[in-house]
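First up is the structure itself, then whatever we jot down about it.
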Amino acid sequence: MAGYHFNPDKKKSGFAVDKSEAGEHWKSFSKNKLKVAIVLALLALVVVVGPDITGNIFYEDPEYSLLSENSDFPKLGVKEANLELYKCRDDVDDSRLRFDDCESSLSVAQELYSACSSEKVVVVGELQTANGNYNSCQAGADALKSSLDMCNSLKSSKETELGVCNSELSEIDSRLVGMRTERDKIIDNYANSVCCILKTLSNPSLKYYTVVNNRVVCSDTEGIEFGSCE
């Protein structure tokens, strides 16, 4: 087996060197990690503790300084201040939600108001037209009422005249009935005389009479039967 050489001591020595270097790197990393942890802890302390420790160092708020001079300015610790801040943020969120609702309602109300305003313009125009028509109708009604009053007055006068005419007509009707009765008696008496004479002289079968063109015509077949010729 030419060319193969086994040297265990040399291999072991190389591994030992690598292990030593890894240890050095680990120590260096551990030191850096400790530094980072310390820095993070300090930052966390600044954030948690807040302005009670660092406020005078890092910043000065003129508005806060002015307000803090008031007698009713709350003197709160960090815990109470954070609690109040949390509550205020909730109140702000609730107020923002209510504001958004109010803004939405306002937008709807504005649209409704705009629509109502447009409708109002139309209604006002229609109302003016209706008022004009009403005034015209009122004038026409007044004229018609005047004419109606005149007609009623004339009607009353005509009803009076009609009453007089009806009274006269009744009187005339009564007289006419009497005249017709008298005429019928005259015609009947005349027919009796004439027809009886004709019956006696020329035609014994005569029994009836009729009036034709204001003349009495005797007949043996039709008409009004005349009285006895005795």
Side-chain angles (χ1 to χ4, degrees), residues 50-51 55 59-76 78-188 210-215 223-224:
Y59 67 93
E60 182 70 22
D61 189 346
E63 184 178 2
Y64 178 84
S65 299
L66 182 62
L67 292 175
S68 63
E69 294 177 358
N70 296 329
S71 59
D72 58 347
F73 189 80
K75 304 299 188 292
L76 301 175
V78 176
K79 182 177 179 180
E80 291 82 0
N82 286 331
L83 182 60
E84 292 298 326
L85 177 61
Y86 181 78
K87 291 180 180 179
C88 287
R89 286 177 176 174
D90 286 343
D91 292 340
V92 169
D93 292 338
D94 292 340
S95 299
R96 183 176 291 109
L97 290 176
R98 288 195 295 270
F99 175 78
D100 291 340
D101 292 338
C102 291
E103 196 172 33
S104 178
S105 299
L106 177 61
S107 178
V108 174
Q110 286 175 339
E111 292 180 359
L112 181 60
Y113 175 78
S114 178
C116 289
S117 297
S118 300
E119 186 68 19
K120 177 184 176 182
V121 172
V122 176
V123 172
V124 168
E126 293 177 350
L127 179 60
Q128 291 176 348
T129 301
N131 285 333
N133 293 336
Y134 172 78
N135 293 332
S136 177
C137 290
Q138 189 65 41
D142 293 340
L144 291 175
K145 186 176 182 301
S146 178
S147 298
L148 179 62
D149 293 339
M150 185 180 298
C151 289
N152 287 332
S153 178
L154 184 61
K155 175 185 175 184
S156 178
S157 175
K158 294 300 181 183
E159 284 177 346
T160 301
E161 294 178 1
L162 180 61
V164 174
C165 290
N166 286 333
S167 178
E168 292 178 353
L169 182 61
S170 297
E171 184 179 352
I172 291 173
D173 285 341
S174 178
R175 291 169 56 189
L176 182 61
V177 170
M179 293 175 65
R180 284 175 178 173
T181 301
E182 186 177 357
R183 186 201 64 175
D184 290 341
K185 289 181 179 180
I186 293 173
I187 292 174
D188 187 61
T210 58
V211 178
V212 181
N213 295 328
N214 295 323
R215 295 179 61 186
I224 300 172

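Side chains are part of it too, since the values below use all heavy atoms of this structure and drop only hydrogens, waters and symmetry mates. Counting from 1, the numbers follow the sequence of the chain as shown.
In this structure, D184 and D188 have side chains that are not in contact, with every pair of non-hydrogen atoms separated by 4.5 Å or more.
Here CG of N214 is found 8.0 Å from CD1 of I187. Values are rounded to the nearest 0.5 Å. A distance of 8.5 Å separates CG in D173 from CZ in R180, rounded to the nearest 0.5 Å. Going from atom CZ of F99 over to atom OG of S104 covers 11.5 Å, rounded to the nearest 0.5 Å. For the atom pair CG of L106 and CG of D100, the computed distance is 12.5 Å after rounding to the nearest 0.5 Å.
Within the 3.5 Å criterion, the main-chain N or O of S170 finds no donor-acceptor partner in the side chain of S174. Distance alone, capped at 3.5 Å, is enough to place a donor-acceptor pair between the S105 side chain and the D101 backbone. With hydrogens and angles disregarded, no donor-acceptor distance shorter than 3.5 Å links the side chain of S107 to the backbone of E103.
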side-chain contact (heavy atoms from CB on, under 4.5 Å) assessment of M179 paired with R183: CA-CA 6 Å; M179 293 175 65; R183 186 201 64 175; over 6 Å; no
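In this structure, the side-chain hydrogen bond (donor to acceptor under 3.5 Å, both in side chains) partners of R96, at least two apart in sequence or on a different chain, are D93. Residues satisfying the side-chain hydrogen bond (donor to acceptor under 3.5 Å, both in side chains) test with Y134, not counting sequence neighbours, are Q138.
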For residues 150-164, run the donor-acceptor check on the side chains, cut-off 3.5 Å, and write out each pair with its distance to 0.1 Å, sequence neighbours left out.
| residue | atom | partner | partner atom | Å |
| --- | --- | --- | --- | --- |
| N152 | ND2 | L148 | O | 3.2 |
| T160 | OG1 | S156 | O | 3.0 |

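Screening V123, V122, V124 for a side-chain contact (heavy atoms from CB on, under 4.5 Å) involving K120 leaves a single residue, V124.
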